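Encoded as structure tokens, the structure appears first; notes follow it.
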Amino acid sequence: MPKINVYLPDELAEQVKDVGVPVSAVCQRALEQAVKRIAAVRAVRLDDPDSLELAARTSRVTDRVRAVLRLATERARAAGAAEVGTGHLLGGVLDEGGNLAVRVLQVLEVEPGRVAAALPAGTGGGAVPTSFGADAAAALELSVVEAVTLGHNYVGCEHLLLGVLAEPDGAGGEVLRGLGVEPRAARNAVAAALAGYAHLHANAAAAPDPTAVVTAVVQRELRPLVERLERLERG
């Protein structure tokens, strides 16, 4: 059986050793999931809704990413492109508008409007593309890798942004890098944004129900008055 070396930071390696984590089993499971999700991406046909839906479920992409893929396909069609490229994917992210990738760009002081203006224009309308170009396929695969690396069991628009940025040949990554977006900074911004969201969500979940708080206060203040009235009635 072939072996794959796994290199860990010294501190993490010591922790793994102390705890006795079964590295081989953990890595095998993670790799199996990554391979399955990447294979699903490679099998997508954009003219086949069932194919796209199956890939979305298997790869665990979010609803926003599904919307981005549809918008990217429309961009490619409107541009007369035979395939969906990373420029179309990035344009789809911008068109969707409400996703974390757009927020990350703003945190990095890159306004979405500048990104949109830098994307290459098409030559005119055409038929609906049936597949991803080599660059877009690679970016989608890298999106899965980014999600797995960050320990996430889904692929969101923030991972797609990182995948487009990491892909070396496509127009999308070229535009982002040309505007000063660096992979490490973008990855750190994504991690920080998700950590902040998780913290906010946890605090919101732990916060008491405002209605319950008000009810408790009212009951506490009124109880002495009610007891006095009861004593007077018995009196």
Side-chain angles (χ1 to χ4, degrees), residues 37-38 41-42 44 46 52 55-56 59-126 128-147 149-150 152 154-191 193-194:
R37 292 161 74 179
I38 288 174
V41 168
R42 290 179 177 176
V44 169
L46 295 174
L52 185 58
S59 300
R60 297 180 182 177
V61 304
T62 63
D63 289 341
R64 289 190 184 278
V65 172
R66 298 186 196 198
V68 166
L69 295 181
R70 290 193 293 269
L71 291 167
T73 302
E74 283 302 308
R75 271 185 166 257
R77 183 197 62 76
E83 297 176 321
V84 172
T86 53
H88 306 123
L89 289 178
L90 184 56
V93 168
L94 300 178
D95 290 342
E96 199 281 333
N99 56 75
L100 184 57
V102 173
R103 306 294 183 269
V104 166
L105 288 173
Q106 293 171 331
V107 166
L108 296 173
E109 299 183 347
V110 177
E111 286 302 316
R114 291 177 60 201
V115 179
L119 289 173
T123 57
V128 176
T130 60
S131 62
F132 295 109
D135 60 331
L140 287 167
E141 293 171 12
L142 288 168
S143 302
V144 175
V145 173
E146 292 287 351
T149 301
L150 289 169
H152 302 151
Y154 67 95
V155 177
C157 293
E158 61 275 19
H159 305 115
L160 182 56
L161 176 69
L162 295 176
V164 169
L165 180 59
E167 199 284 321
D169 300 321
E174 182 179 346
V175 166
L176 291 173
R177 292 187 294 272
L179 292 173
V181 182
E182 298 180 353
R184 179 177 294 183
R187 191 175 292 109
N188 289 341
V190 167
L194 290 172

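Here the structure is a predicted model, which means the values were calculated and not measured. We're numbering straight along the sequence, starting at 1.
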Work out which heavy atom in [X] is nearest to a heavy atom in [Y]; give both atom names and the distance.
X: Phe132; Y: Ala137; value: CB-N, 3.9 Å
X: Ala189; Y: Val104; value: CB-CG1, 3.9 Å
X: Ser143; Y: Gly163; value: OG-CA, 3.8 Å
X: Val93; Y: Val68; value: N-CG1, 3.7 Å
X: Gln106; Y: Pro112; value: CG-CD, 3.9 Å
X: Pro129; Y: Ala76; value: CG-CB, 3.6 Å

Distance in Å, His88 NE2 paired with Glu83 CD, rounded so as to fall on 0.5 Å steps: 10.0 Å
Pairwise distance CG(Leu90) to CG(Leu105) - rounded to 0.5 angstrom: 7.5 Å
For the pair [X] (side chain) and [Y] (backbone), establish whether a donor and an acceptor sit closer than 3.5 Å, ignoring hydrogens and angles.
X: Thr86; Y: Leu89; answer: no
X: Arg177; Y: Leu165; answer: yes
X: Asn99; Y: Gly156; answer: no
X: Asp169; Y: Asp135; answer: no

Would you indicate whether the side-chain heavy atoms of [Y] and [X] approach each other to under 4.5 Å?
X: Leu94; Y: Leu119; result: yes
X: Leu176; Y: Leu161; result: yes
X: His152; Y: Leu194; result: yes

Salt bridge (Lys or Arg N to Asp or Glu O under 4.0 Å) involving Glu96 - partner list, sequence neighbours excluded: Arg64
Worked verdict on Leu150 versus His159 for side-chain contact (heavy atoms from CB on, under 4.5 Å): CA-CA 9 Å; Leu150 289 169; His159 305 115; 4.0 Å; yes
Working for side-chain contact (heavy atoms from CB on, under 4.5 Å), residues Val164 and Val175: CA-CA 10 Å; Val164 169; Val175 166; over 6 Å; no
